[in-house]
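Numbers restart at 1 for each chain; the letters A, B, ... are given by sequence-line order, proteins then strands.
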2 protein chains.
Amino acid sequence: MKRAVRRRPRQEPGSKARLFAAAATAFAARGFAGANVDRIAEAAGVNKAMLYYHFKSKAGLYAEILRDMFESVAARLAATTPQTDPAERIRAMVEAIAREAEARPHFPAIWLREIAEGGAHVDKGTIAIIGGILQQVASAVHDGVAAKRFRPANPLLVQLGIVGPVLMFFATAPMRRRVPSQLHLATQLTTEQVIAHVQRVALLTLEGKAR
Amino acid sequence: MKRAVRRRPRQEPGSKARLFAAAATAFAARGFAGANVDRIAEAAGVNKAMLYYHFKSKAGLYAEILRDMFESVAARLAATTPQTDPAERIRAMVEAIAREAEARPHFPAIWLREIAEGGAHVDKGTIAIIGGILQQVASAVHDGVAAKRFRPANPLLVQLGIVGPVLMFFATAPMRRRVPSQLHLATQLTTEQVIAHVQRVALLTLEGKAR
DNA sequence: GTCTATAAATAGATAGAC
DNA sequence: GTCTATCTATTTATAGAC
């Protein structure tokens, strides 16, 4: 007869996942140095020692969040490859980045912080993933040029023009609430508007003949 | 006969200015929480106690750097007002922001971090200055529309489209050095190219009729 | 896998002499 | 204005019982 073996002593949706989620929020809000493992564990409703059991250190936990983040973006971008029309591909890439920022709310803030930090916490593997993201944008531009649909453009400028505004839009949301400006209070922007605008601007840059 | 009074016991270019500069660098590189007052004082070649003498705390020092930063941007933007031609004014504003980022190398990273932090360290007065910056962009757009030179556009989108790429360009410089991509190693971007590109894109957005 | 207790280091801040 | 010594709180991390 099968005995009722206790499988999981007390944790419900997996203490590891809970810690991961709480840490992502904390790192986004306060940065790597500013976040505090005691508070992360508390927010996760998990004992602090579990953090060191699942991840080997605060740095290890952070590195895992970074890798997960960039892996997801890279995957979402890779999924746009079937698009054979250059313009459609660019549109899909803009949307991919924006949707990812929506799906992982910690992602814009953490990315901005990591940029400011010069990638100090980014390990080798993650560096490669980030390089791959740049490569994907570059190849989309390159293909469009080869198909005589885009004029030659610096891929880095294209990337800055897409990622910059998108990240800023999501990341500045909390701050905009603090700046009492009738302007953007009156004109609430939606994710859809931002996507459409950045898509339009990116294509204006790539398809325009001027300059 | 005039006695040789000792005016300044031992400090050369003003210990306050030295601390300020060292702190700006440290906060840019490591963030508010990540920076360390001991190391700031050491980098400044000034005794740590002086930091508390000139500024009342680590937070006070940081707040002063923030205010100085946004004041400078606001001033540089205000200086573009004489431009009566709407397009020229936008061009001047783009250049103003980029030149400021060059003049104060700590400015892009700190701004990105403050965005990520939701403006947690920004005091009332500085909030007002930031609001003024947004206002200036908005009024430039508004004036252009009134003069029938621009089509109506959301000022926030315009701002994101300018500040996003410019900040990202400067702030990602250290990280780009770490990402081994043939792409942007082959195509080194200059500040001038970035300014020209962002100016062009901003005006394409504002002057274009398509939607 | 989970929890308590605690080690060990670091950081912000100040007192007080000069 | 400058410097030394130090206090105190906080924080990462681990040992070890269950």
Residue pair Ile40(A), Lys48(A): steps toward the side-chain contact (heavy atoms from CB on, under 4.5 Å) verdict: CA-CA 8 Å; Ile40(A) 289 172; Lys48(A) 191 204 358 184; over 6 Å; no
Between Thr126(A) and Met69(A), is the side-chain contact (heavy atoms from CB on, under 4.5 Å) condition met? List the steps. CA-CA 9 Å; Thr126(A) 307; Met69(A) 223 174 74; over 6 Å; no
Intermediate values then yes/no, salt bridge (charged side-chain N to carboxylate O under 4.0 Å, His left out), Glu88(B) and Arg91(B): CA-CA 5 Å; Glu88(B) 279 313 311; Arg91(B) 282 199 193 91; 2.5 Å; yes
With side-chain contact (heavy atoms from CB on, under 4.5 Å) as the criterion, how do Arg178(B) and Ile130(A) come out once you've worked through the C-alpha distance, each side chain's angles and the decisive distance to 0.1 Å? CA-CA 10 Å; Arg178(B) 294 197 52 202; Ile130(A) 296 175; over 6 Å; no
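The overall bend of the helix from dG1(C)-dC18(D) to dC18(C)-dG1(D), read as the angle between its terminal helix axes built from five base pairs each, is 0° when rounded to 10 degrees.
Atom-to-atom distance recorded for Ile129(A):CD1 and Lys124(A):NZ is 13.5 Å, nearest 0.5 angstrom.
The number of heavy atoms from other shown groups lying within 6.0 Å of CD (Glu42(B)) does not exceed 12.
Pairs of residues two or more places apart, or lying in two chains, that qualify as ring pair (Phe, Tyr, Trp, His ring centres under 6.0 Å) and include a residue from residues 95-115 of chain A are Phe70(A)-Trp111(A), Phe107(A)-Trp111(A). Among pairs with a residue in residues 29-56 of chain A, those fulfilling ring pair (Phe, Tyr, Trp, His ring centres under 6.0 Å) read Phe27(A)-Phe32(A), Phe32(A)-Tyr62(A), Phe32(A)-His121(A), at least two apart in sequence or across chains.
Atom P of nucleotide dA13(D) and atom NZ of Lys58(A) are separated by 8 Å, given to the nearest angstrom. Protein atom CG of Leu19(A) is 11 Å distant from nucleotide atom P of dC3(C), rounded to whole Å. As rounded to whole Å, 15 Å separates atom C1' of dG12(C) from atom NE2 of His121(B).
Judged as a ring pair (Phe, Tyr, Trp, His ring centres under 6.0 Å), and not counting sequence neighbours, Phe150(A) has no contacts.
For dG1(C), the OP1/OP2 oxygens have no side-chain nitrogen or oxygen of Asn47(A) closer than 4.0 Å. Note on Ser15(B): a side-chain N or O is less than 4.0 Å away from OP1 or OP2 of dT2(D).
DNA chain C is contacted by Ala35(B), Asn36(B), Val37(B), Arg39(B) of residues 34-42 of chain B, taking any non-hydrogen atom closer than 4.0 Å. Contacts of residues 48-57 of chain B with DNA chain C (heavy atom under 4.0 Å): Lys48(B), Tyr52(B), Ser57(B).
Of the charged side-chain nitrogens involved, none lies within less than 4.0 Å of a carboxylate oxygen, so that Arg89(A) and Glu95(A) do not count as a salt-bridged pair. Under 4.0 Å is where a charged nitrogen must lie from a carboxylate oxygen, and between Glu192(A) and Arg99(A) at least one such pair does.
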